[in-house]
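What's counted below: heavy atoms across the whole structure, side chains too, no hydrogens, waters or symmetry copies.
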Amino acid sequence: NLQQHPYMICGEGDHKILIGFAVLGLVAYVFGFGAFYVTACVVIPGRSKHGLAAISAFRFIFFRFRPEWWFWGAVFLARNLCLALASVIDPGNPYSSMVY
């Protein structure tokens with residue numbers, strides 16, 4: 001915070017390095033979890049034919065949907081990501097957030 005690090009100027013020195021780490025962590029978290037989620041949505045329905053152990057581990061993905069609509073978990077995940085990014089796209093213009 002600013003009280004602990006008053007010497008930190010935006011865009012200078014260590015700030016650029018820290019921005020790089022923040023972007024790397026955010027991309028790894030968002031795309032990493034997204035890849036895990038989509039992989040589970042694709043792989044687990046095939047494994048569930050052999051037993052319920054695989055599907056019980058990933059119940060948080062499938063519990064809301066009927067078995068023939070298993071892929072809607074990934075669609076909801078993408079929708080929620082887009083809704084979360086609505087306030088980040090142009091935070092100074094509330095109209096664009098509303099339209100988005």
Side-chain angles (χ1 to χ4, degrees):
N1 66 21
L2 201 56
Q3 290 178 341
Q4 292 176 346
H5 305 284
Y7 55 88
M8 185 74 66
I9 307 295
C10 289
E12 295 181 4
D14 290 339
H15 189 255
K16 290 181 181 180
I17 295 169
L18 295 174
I19 288 176
F21 281 124
V23 168
L24 181 66
L26 184 65
V27 166
Y29 177 72
V30 171
F31 290 124
F33 182 73
F36 164 75
Y37 197 92
V38 170
T39 302
C41 281
V42 171
V43 172
I44 297 302
R47 290 186 184 172
S48 68
K49 295 174 185 171
H50 304 293
L52 294 177
I55 204 158
S56 67
F58 295 97
R59 190 177 69 87
F60 71 97
I61 296 175
F62 301 109
F63 78 97
R64 294 190 290 182
F65 310 106
R66 293 188 306 225
E68 63 270 11
W69 298 104
W70 54 268
F71 56 87
W72 276 99
V75 174
F76 274 71
L77 183 71
R79 181 199 67 149
N80 291 342
L81 177 65
C82 290
L83 287 174
L85 291 177
S87 63
V88 177
I89 300 297
D90 189 10
N93 186 0
Y95 179 73
S96 67
S97 294
M98 183 179 70
V99 171
Y100 178 73

Taking the side chain as everything from C-beta on, heavy atoms only, tell me whether [X] gets closer than 4.5 Å to [Y].
{"X": "L81", "Y": "V30", "value": "yes"}
{"X": "F65", "Y": "F76", "value": "yes"}
{"X": "V42", "Y": "F71", "value": "no"}

Under 4.5 Å between side-chain heavy atoms, counting indirect links through other Ile/Leu/Val/Met/Phe/Trp/Tyr residues: same cluster for L26 and L85 or not?
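L26 and L85: one cluster.
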
Identify whether F33 and V43 are in the same connected component of the hydrophobic contact network (ILVMFWY, side-chain heavy atoms under 4.5 Å).
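No; V43 is not reachable from F33 via cluster members.
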
Over all heavy atoms of both residues, which pair between C41 and A74 is shortest? Give the atoms and the distance, please.
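In terms of heavy atoms, the two residues are closest at SG-N, 4.0 Å.
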
Looking at NZ of K16 and CD1 of I19, how far apart are the two atoms once the value is rounded to the nearest 0.5 Å?
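If we round to the nearest 0.5 Å, K16:NZ and I19:CD1 are 9.0 Å apart.
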
